[in-house]
Number of protein chains: 2
Amino acid sequence: MAYTAGAPAQTDAGTPGSMGDVRRSNLALVLGTVAQSPAGIHLTRAQIAASTGLTKASVSSIVLDLLDAGILRELGLNPQGERGRPGMGLEMNPARGVMGMEINVDYIAAGVTDLSGTVVVQEILERDNRDSASAPVMTALSALAAEVRAAAAAKGVEILGGGLAVPGLVDDGSSTVITAPNLGWRDVKLDVTGLLPGLPLGVTLFNEANAAALAELARGPSGGKDFLFISGEVGVGGGLVIKSELFTGPEGHAGEVGHVVVDPDGRPCSCGGTGCLETIAGQDAIFSAAGVADKRQTRSESMSALTSALTDEEPASLLAVQRAGRSLGVAVASTSRIVDIKTVVLGGHFAVLERWLRPPLLDSLSRYAPGKFLPEHITTAVAGENGALLGAAGSVLRSLVEAPHRLHS
Amino acid sequence: MAYTAGAPAQTDAGTPGSMGDVRRSNLALVLGTVAQSPAGIHLTRAQIAASTGLTKASVSSIVLDLLDAGILRELGLNPQGERGRPGMGLEMNPARGVMGMEINVDYIAAGVTDLSGTVVVQEILERDNRDSASAPVMTALSALAAEVRAAAAAKGVEILGGGLAVPGLVDDGSSTVITAPNLGWRDVKLDVTGLLPGLPLGVTLFNEANAAALAELARGPSGGKDFLFISGEVGVGGGLVIKSELFTGPEGHAGEVGHVVVDPDGRPCSCGGTGCLETIAGQDAIFSAAGVADKRQTRSESMSALTSALTDEEPASLLAVQRAGRSLGVAVASTSRIVDIKTVVLGGHFAVLERWLRPPLLDSLSRYAPGKFLPEHITTAVAGENGALLGAAGSVLRSLVEAPHRLHS
DNA sequence: TTATATAGTTCAAGCAATAAACTAACTAGC
DNA sequence: GCTAGTTAGTTTATTGCTTGAACTATATAA
C-alpha cells in the first residue's frame with residue numbers, strides 16, 4: 001500500500017521544520033508509491049492520490065516536480081475499456097539509472113539498473129585481489145565502471161549515483177575501509193567519487209553483506225521486513241534488516257554475526273577474537289575441516305569438491321558442515337535474543353550448503369532458542385551471486401526514492 | 001544544544017504530511033529544548049529561538065500553545081543585571097507529573113515525578129510476589145497507586161500519565177506480560193489503565209530492564225547516547241539504547257542479553273534454552289555456586305552474605321563471581337558485534353559486585369572482542385534501586401516531550 | 001533624560017496542502 | 001451519432017504555519 005520507507009520530514013533532529021519538509025516528505029511518499037508498484041502496472045495521478053491519501057491537486061503538483069527532475073516519466077494514456085477519462089500512466093524514468101560496484105577477493109564487478117530496478121548492463125571481471133594493494137584494484141575498477149557507464153549511456157541510460165560494496169568494515173562518511181581481512185586492507189581511504197565523477201547523488205560505500213541484505217529486502221519477500229542475512233564467504237558477514245531498514249548501529253558496524261562467540265574455548269579468529277562463528281563456519285574453516293582445502297585450486301573449485309564430497313556422504317565433510325550448522329544455530333540464537341528477529345536468510349556458501357546445514361541448524365536453534373524465541377523462518381537468498389552488486393545499486397536507488405528533493409527540484 | 005529526540009513530523013510512514021506535522025514537530029522541538037535545559041536555568045523565548053533556529057514569532061506562538069496545554073509555566077521576569085528588556089523564564093510545569101510503577105519479585109512500588117523530573121512522592125511496599133497470581137498483585141498496586149496519586153495531588157501535582165515496569169517480556173500494545181519467569185506469569189493481560197483511571201496519556205507497560213536503561217539515559221551521562229544496560233536481578237535483563245532511543249526490535253523484545261549463549265555445553269535456562277548468560281550470572285546461579293543460597297533468607301540477605309564472603313576472599317564465592325564476570329564478557333563481546341556498541345552499564349547486583357566482576361569481565365572482553373571491537377567503557381548504573389521506577393516515569397515524560405500535541409492543543 | 005540593547009508581539013507575505021469547482025476525455029445507452 | 005454519466009486532472013479560493021520586518025515593551029548605561 002504505502003511506501004514504508006518514506007518517513008516524512010526527514011530533517012535532522014533539532015532543526016526547525018518548515019513547509020519545505022512537508023513537501024520533501026510528500027515527494028518521497030508519492031515517488032515511493034510509484035517505485036513500489038508492481039512491474040507492469042503504471043499508476044496514474046488519481047490512483048496515487050487514492051493510495052497515499054493526498055488530494056489529486058497535491059499529487060499533480062508533486063508529480064510535476066518529479067517529472068521536471070527527470071525521476072518519473074509519463075507514458076501515454078491507456079484507455080483500458082473502463083468508463084471515464086483514462087489516466088496518464090507514470091513510471092520510474094528508464095532513461096536514468098544507478099550503478100552498483102563490488103570489490104571482492106576473486107573479482108571486481110559493476111552493473112547498472114535503471115530507476116525501475118531492471119538490470120541494464122553488468123560486467124564481472126575476474127581478478128585476484130587477495131592481499132593486493134588498494135590502488136591497482138581501484139584503477140581497474142575505475143576502468144570497468146567507465147566502460148559500464150558508457151555501455152549504459154549507449155542504451156540511453158544516464159547514471160545518477162553509485163554504490164560500492166566491499167567485503168569488510170567500512171565507514172561511508174569518510175569513504176574508508178576500516179578493515180577487510182581477506183583483501184588485506186586496513187584503514188584504506190578510497191576515492192569513491194573518483195570512480196564515477198560528476199554524479200548528482202555521488203558514490204556510497206557499503207559493507208558487502210549489508211548490501212546483499214538490502215538486495216534481499218528489495219527483491220523477494222524472502223525475509224519480510226525483519227531478518228538477519230548471513231553471508232558465507234571467506235569470512236562470515238551479516239546484515240540486519242529491521243522494519244525494512246538496514247540496522248547499522250551507532251557507528252555503522254552492526255550485524256557482524258560472523259564474530260558472535262559460539263565457542264568460548266575455540267580457535268583464534270582473523271578479527272583477533274576467539275571462537276567466533278567465522279572460525280567454524282567460514283569457508284577456510286569448513287574447507288580445511290572437510291579436507292578439501294588445496295592451495296592450488298580456486299575457492300569455487302574447493303566448493304564443488306566439498307559439495308561432491310557431501311553428496312558422497314564423505315564423513316569428514318559431513319562433520320565439518322554439521323559443526324558449521326550447529327554453530328550457526330548458536331550465533332542465530334544469541335542474535336535473535338538481542339535484536340528480536342525471527343527470520344534468517346542464508347547467503348553465499350550457506351545458501352549452497354543449505355541442504356546439509358539446515359538439519360543441524362534447526363536442531364541447534366531448538367536447543368538454544370526454543371519455544372517463543374525460536375527463529376521460525378530460515379530461507380536462502382533469492383538474489384544470487386551478484387547480491388552485493390544489486391544491493392549497492394538498489395540502495396542508492398532507494399535513497400533517491402526516500403529523498404528525491406536532492407535532484408534539482 | 002538541540003533536543004535529539006524531537007524528530008520532526010512524526011506521522012506514520014505512508015501518511016501524507018501536512019502543515020500540522022510541522023507544528024507538531026516544532027512543538028516537540030521547543031518543548032525538548034526546555035526539557036533539556038539544566039536544572040536552575042530557565043530559558044526565555046528569545047533563547048529558545050536562538051537555540052532552535054526558529055524565529056521569535058514562531059517560538060512565541062508555540063510557547064503559547066504549551067502554556068495553554070499546561071505543559072510549560074512562566075516564571076516572573078528575571079532582570080539579571082544585563083542590558084535590555086529581561087526575558088520571561090520558562091519551565092516545565094511543576095504542577096503536572098507522571099507516575100512510575102513497578103512490580104518486582106520482592107516488592108511493588110509507585111512514585112511520581114513532576115514534569116521537570118524531580119521526584120515528588122515515592123513509596124515502596126514489600127510484598128512477596130514470587131509465584132503469586134496477577135490479580136492480587138494488581139489490586140495491591142492499584143491501591144498503592146491511588147495513595148501515591150492522592151499524595152501528589154496534596155502537593156499540587158496532577159498526574160498526566162503513567163508507566164509500569166515488570167520483570168519480564170511484555171507487549172505494550174496489548175498490555176500483556178508475555179512471560180515473567182520469576183513471577184510465574186505467562187500471557188497475563190493486565191488492566192494497566194485501571195491502575196490510574198482517566199489519564200490523558202494513559203499507562204504504558206515496560207520491561208524492567210528497559211525502563212532502567214531509560215533511567216540511565218535520562219539521569220547521568222553514564223552511558224552516553226549508545227549503551228547496553230545489563231541488569232542483574234533474579235534473572236539477567238538487558239536494555240539497549242542506541243542514538244538515545246531504546247532499541248526494542250521488530251516485536252519489542254530486543255536487548256535480552258541475559259539469554260545470549262555463553263556456554264553451548266551449559267545448563268538449561270528458565271527460558272528453555274541452554275547455556276544462557278543467566279544460567280551463570282543470574283542471582284540464583286551465583287548464590288548457589290558461591291554456596292550462600294539459603295531458602296530461609298531473603299535475597300538481600302543472601303547478597304550481603306555474598307559480599308562479605310567476597311571481602312573475606314572466600315574461594316567458592318570468588319570463583320562464582322569470576323565465572324559470572326567472564327561470561328558477562330562473552331555475552332557483551334557478542335552483543336557488541338551485533339549492535340555495534342562500545343559502552344556497557346552494569347545495574348542490579350552487577351553494580352553491587354562491580355568491584356569483583358570488573359577484572360574477569362575486562363579480561364574476557366580483551367579475549368573475545370579485542371582491538372577496535374573492544375567495548376571501552378564499563379560503568380555502573382547511577383539511578384540506584386529504583387531505576388526501573390524512575391525509568392518508567394521518565395519514559396512517559398519523554399513521550400510527552402516528543403509528542404506534546406497529544407495534550408489538548 | 002536620552003541612547004542603546006534586548007524581549008516579545010503584530011502583521012504582511014510566502015508556501016504547501018485542502019476542498020470544491022471546473023475542464024478534459026472517455027464509455028454506455030438510446 | 002448524440003447525450004448522459006464517469007473518471008482524470010487542473011484551477012482557484014481557503015487555511016495553517018513559518019518567516020521576516022516592523023513595532024512595542026522594558027531594562028541598563030551615560
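Chain naming here is simple, since letters A, B, ... match the order of the sequence lines and numbering starts at 1 in each.
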Which pairs, protein N/O on one side and nucleotides 28-30 of chain C N/O on the other, fall under 3.5 Å?
none

Can you list everything that forms a side-chain contact (heavy atoms from CB on, under 4.5 Å) with [X]? Sequence neighbours excluded, please.
| X | value |
| --- | --- |
| A:A403 | A:H405, A:R406 |
| A:T118 | A:D114, A:S116 |
| B:M88 | B:R45, B:E74, B:L77 |
| A:A152 | A:V112, A:V121, A:V157, A:I159 |

Applying ring pair (Phe, Tyr, Trp, His ring centres under 6.0 Å), can you list everything that pairs with A:F247, at least two apart in sequence or on another chain?
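Listed in chain order: B:F247.
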
Of B:R85 and A:S60, whose closest DNA chain D nucleotide lies nearer the 5' terminus?
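Its nearest nucleotide lies further toward 5', so the answer is A:S60.
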
Enumerate the side chain to side chain donor-acceptor pair (under 3.5 Å) contacts for residues 196-206 of chain B, please, sequence neighbours excluded, ordered by first and then second residue.
none

For [X] and [N], give me the distance from atom [atom1] to atom [atom2], rounded to whole Å.
| X | N | atom1 | atom2 | value |
| --- | --- | --- | --- | --- |
| A:L72 | D:dG9 | CG | P | 13 Å |
| A:I48 | D:dG9 | CD1 | P | 9 Å |
| B:D65 | D:dG16 | CG | P | 13 Å |

I need the full list of salt bridge (charged side-chain N to carboxylate O under 4.0 Å, His left out) pairs touching residues 197-206 of chain B, with sequence neighbours left out, sorted by first then second residue.
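Residue pairs passing salt bridge (charged side-chain N to carboxylate O under 4.0 Å, His left out), neighbours aside: none found.
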
For A:L31 and A:L27, run side chain to side chain contact (heavy atoms under 4.5 Å, CB included): C-alpha distance rounded to whole Å, both residues' side-chain angles, the deciding distance at 0.1 Å, then the answer.
CA-CA 6 Å; A:L31 184 54; A:L27 274 166; over 6 Å; no

Output the residues of residues 39-46 of chain A in contact with DNA chain D, where contact means a heavy atom of the residue under 4.0 Å from an atom of the strand; sort by number or write none.
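Contacts with DNA chain D under 4.0 Å: A:T44, A:R45, A:A46.
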
Residues two or more places apart in sequence or in another chain: which of them pass side chain to side chain donor-acceptor pair (under 3.5 Å) with B:S61?
B:R23

Using the test side chain to side chain donor-acceptor pair (under 3.5 Å), find all partners of A:T113 that sit at least two apart in sequence or belong to another chain.
none

I need a per-nucleotide contact map over nucleotides 14-21 of chain C, read 5' to 3'. Cutoff is protein heavy atoms under 4.0 Å; write B for the base, S for backbone only, - otherwise.
BBBSBB--

